[in-house]
Structure formats: C-alpha cells, structure tokens
Amino acid sequence: MGGVYSSEKMADVFAYESSELDWCEDNYRYSEHVVEYFNTVSSFFFFIVAPIMLYLLHPYAKQRSLAIHMVWIMMIFVGLFSAYFHMTLSFVGQMLDELSILWVLAVGYATWFPRKLFPSFIKDRSTFSRLVLLITVITTVSSFAKPTANAYALNCFGLHLLYTLAVEMRRCTDLKALRLAKLSVALWVLAISCWISDRLCCSFWQRLNFCYLHGIWHILIVMAVAYGSTLVAYLDASNEIPYSLPGLAYWPCDKWAVGFPHIVLSSSPKTQKRC
C-alpha cells in the first residue's frame with residue numbers, strides 16, 4: 001500500500017494545475033491540452049534569442065572562457081521549462097522553471113561578478129564559484145519549503161544584480177556602454193512591471209480582456225538578459241582581457257543602436273604584446 005501511495009503522490013506533482021500558481025491568462029482558452037496558451041507560446045522566444053546570443057558572444061567567450069556559453073545554453077532550458085510549466089501548471093513544471101532561472105543566475109554570478117567586489121576572505125574566482133555553488137545548492141533545496149515565495153526571491157537576486165551593475169557603471173565613460181545600460185534597465189523595469197501587474201492587478205486586466213502581461217514579461221525579460229549580460233560581459237572583458245580592446249556593436253546593423261548587442265574584439269591573443 002505504501003508503494004501505491006507513493007506512486008499517487010508522485011503522479012500528483014506532475015498533474016495539470018497541481019501548482020499553487022495560476023497566472024492571469026484564461027485557462028484552456030485556445031486548447032484543451034494547454035492551460036495558458038499565450039504564456040506557453042511566448043516562452044519559445046527564448047529559443048530564438050539564445051542561439052543568436054551564443055553565436056554573437058562566441059568571439060568573446062573564446063578568448064575569455066567557453067564556460068560563458070553556459071549562461072545562454074541554460075537560458076534555452078529556462079524557455080523549455082517555462083513552456084512546460086505554463087502548458088501544464090504542474091508543480092514539477094513550476095519547480096523546473098524557477099530552479100532553472102536560479103541556476104542561470106548562479107552561473108552569471110560565478111562567471112562575471114567583479115573580483116574587486118568579492119568578500120574579503122575570497123582571493124580568487126574559483127573559490128568564489130565554489131561559494132556560489134554551495135549557496136545555490138542550499139537555495140535549491142530550501143525552495144521546496146515555500147514554492148510560492150520562490151519567484152519573489154529570484155526577483156530579489158535581480159535587484160542585487162542591478163545594484164552591482166550600477167556600482168560598476170559609475171566609473172564608465174563609454175557612451176555605447178552607458179546607452180546599453182539605460183536600455184537594459186528600461187527593459188528590466190518594463191518586464192518586472194508586467195510581472196507584478198499580472199500578479200497583483202489581474203481583475204483589472206480581466207475587465208479589459210487583456211490577460212497577456214506574463215507572456216509579454218517572457219519576451220521583455222529575455223531581451224533584458226540579452227542586453228544586460230552583454231553589458232556585464234563588456235565590463236568583464238575590459239577588466240579581464242583588456243588587451244582585446246573590447247567594444248560594443250549591434251546586430252544586424254550597428255548604425256541602428258538597437259537589435260542584439262554583442263562584443264567586438266579589436267585585438268587577438270596573437271597580436272597582444274608580450275613582455
């Protein structure tokens with residue numbers, strides 16, 4: 001009997017609408033197999049942006065560290081798990097969605113957090129990365145205690161990253177970097193406004209018959225990550241591989257100053273000076 005009970009409990013966490021979360025979009029409006037149709041479809045925007053950013057940031061990652069690609073590889077999984085969660089609203093889908101975001105943040109911290117802001121007892125990046133790994137594992141385990149609080153905790157991490165970026169940008173005079181910072185913050189503010197409004201003002205949007213703000217959040221946040229991570233990578237390249245003479249450009253046309261930002265390296269390891 002115990003085995004049957006365990007099997008039923010396991011099945012429950014995979015069941016449709018077993019999560020405590022339910023976003024503002026009407027359930028099963030367009031398909032009897034997809035709970036939140038627009039939220040599910042908008043999650044696939046990650047699959048468009050992630051490969052583009054992997055390609056555009058490859059020259060920088062090749063000189064700095066190929067581990068940097070893990071950020072955008074894991075963003076693909078964020079899109080996959082987000083689509084699964086909104087398709088089913090299952091407890092397992094919720095946890096996969098939220099934990100994949102947590103681990104993307106962890107990889108970003110371990111890779112790009114400025115050395116000068118390390119705690120005083122940490123002397124190198126490998127030690128800092130192990131500390132980040134430990135905190136992430138503890139957070140992963142504790143996230144099962146109160147799943148409804150996970151999303152708010154993740155947004156707190158986002159606020160800390162925003163503060164760190166502000167500290168780094170105080171000494172920056174590069175006009176392209178400053179413009180990219182403003183665009184990154186603007187996209188993040190728009191994205192988080194959509195997330196909060198969908199969560200707290202659902203009845204208002206239902207009266208307007210416009211319940212798609214969480215899906216818009218998906219699109220805005222992946223673009224905010226594209227802009228923000230490129231800016232952080234540019235600051236990192238300026239500190240860690242200054243001989244590469246990093247610069248910022250936009251794809252597909254740099255003259256537009258919009259599109260997908262990436263790092264242009266004007267020098268290579270073959271041409272750097274040796275003492």
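Only a predicted model underlies this, so the values are computations on that prediction, with no experimental measurement involved.
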Would you check, one step at a time, whether the test side-chain contact (heavy atoms from CB on, under 4.5 Å) holds for L213 with W23? CA-CA 9 Å; L213 287 181; W23 300 94; over 6 Å; no
side-chain contact (heavy atoms from CB on, under 4.5 Å), that's the test. Do S244 and Y60 meet it? Break it down for me. CA-CA 9 Å; S244 65; Y60 155 70; over 6 Å; no
Go through it in stages, so that I can follow the logic: the residues are E168 and K116, the test is side-chain contact (heavy atoms from CB on, under 4.5 Å), and I'd like the CA-CA distance, side-chain angles, deciding distance and then a yes or no. CA-CA 10 Å; E168 285 292 283; K116 58 180 171 288; 3.1 Å; yes
Kindly indicate, with the supporting measurements, whether the criterion side-chain contact (heavy atoms from CB on, under 4.5 Å) is fulfilled by S143 and L99. CA-CA 8 Å; S143 66; L99 292 178; 3.4 Å; yes
Please step through side chain to side chain donor-acceptor pair (under 3.5 Å) for the pair T140 and W103, ending with a clear verdict. CA-CA 9 Å; T140 298; W103 282 87; 3.1 Å; yes
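Less than 2.5 Å separates the SG atom of C202 from that of C24.
The aromatic rings of H160 and Y163 sit tilted, their planes meeting at an angle between 30° and 60°. Note: F46 and H218 have perpendicular aromatic rings, judged against thresholds of 30 and 60 degrees for the angle between ring planes.
Side-chain contact between Y16 and Y28 is present, with heavy atoms from C-beta onward closer than 4.5 Å. For the pair F118/R125, a side-chain contact is recorded, criterion being any heavy-atom separation below 4.5 Å from C-beta on. Side-chain atoms of F85 and L96, non-hydrogen and from C-beta on, never get closer than 4.5 Å to each other. Side-chain contact between M53 and T230: present, with at least one pair of heavy atoms (C-beta onward) separated by less than 4.5 Å. Inter-residue side-chain proximity for N27 and L89 is flagged as met; some heavy-atom pair is nearer than 4.5 Å. Looking at M223 and F45, their side chains come closer than 4.5 Å, going by heavy atoms from C-beta outward. A 4.5 Å side-chain heavy-atom check between Y55 and W72 finds every atom pair outside the cut-off. The side-chain heavy atoms of L235 and M169, taken from C-beta on, include a pair separated by under 4.5 Å.
Around atom OH of Y109, more than 12 heavy atoms belonging to other residues, nucleotides or ligands sit under 6.0 Å away. Within 6.0 Å of the CZ atom in F47, the count of heavy atoms belonging to other residues, nucleotides or ligands exceeds 12. The environment of L175 atom CG is sparse: at most 12 non-hydrogen atoms of other residues, nucleotides or ligands sit within 6.0 angstrom.
Here CZ of F44 is found 12.5 Å from CD1 of I76. Values are rounded to the nearest 0.5 Å. Considering CD of Q63 and CD1 of I68, their distance stands at 11.0 Å, rounded to 0.5 Å. Distance CZ/R115 to CZ/F128: 11.0 Å, rounded to 0.5 Å. Atom NZ of residue K182 and atom CG of residue L187 lie 14.5 Å apart, to the nearest 0.5 angstrom.
Hydrophobic cluster membership is shared by I196 and L208, with clusters built from Ile, Leu, Val, Met, Phe, Trp and Tyr side chains linked at under 4.5 angstrom. Residues V264 and L231 are members of separate hydrophobic clusters, defined by side-chain heavy-atom contacts under 4.5 angstrom among Ile, Leu, Val, Met, Phe, Trp and Tyr. The hydrophobic cluster containing L105 does not contain I138, counting ILVMFWY residues as joined when their side-chain heavy atoms lie under 4.5 angstrom apart, directly or transitively. Hydrophobic clustering places V132 together with F121 (ILVMFWY residues linked when any side-chain heavy atoms are closer than 4.5 Å, directly or through intermediates). When the side chains of ILVMFWY residues are joined at heavy-atom separations under 4.5 Å, either directly or via intervening members, Y212 and L200 end up in a single hydrophobic cluster.
Ring centers of W195 and W188: at least 6.0 Å apart, outside the cut-off. A ring-centre distance under 6.0 Å is not found for W251 and H262.
Minimum heavy-atom separation, M74 to S100: CE-O, 4.5 Å. Across every non-hydrogen atom of Y37 and E25, the tightest pair is N-OE2, 3.2 Å. A pairwise comparison of heavy atoms in F77 and I73 identifies CD1-O, 3.4 Å as the closest pair. Scanning all heavy atoms of the two residues, the minimum distance from P261 to L56 falls at O-CD1, 4.4 Å. Summarising the geometry of A106 relative to T136, their closest heavy-atom pair is CB-OG1, 3.2 Å, with the distance given to 0.1 Å. Between K62 and L66, the shortest heavy-atom contact is CA-CD2, 4.0 Å.
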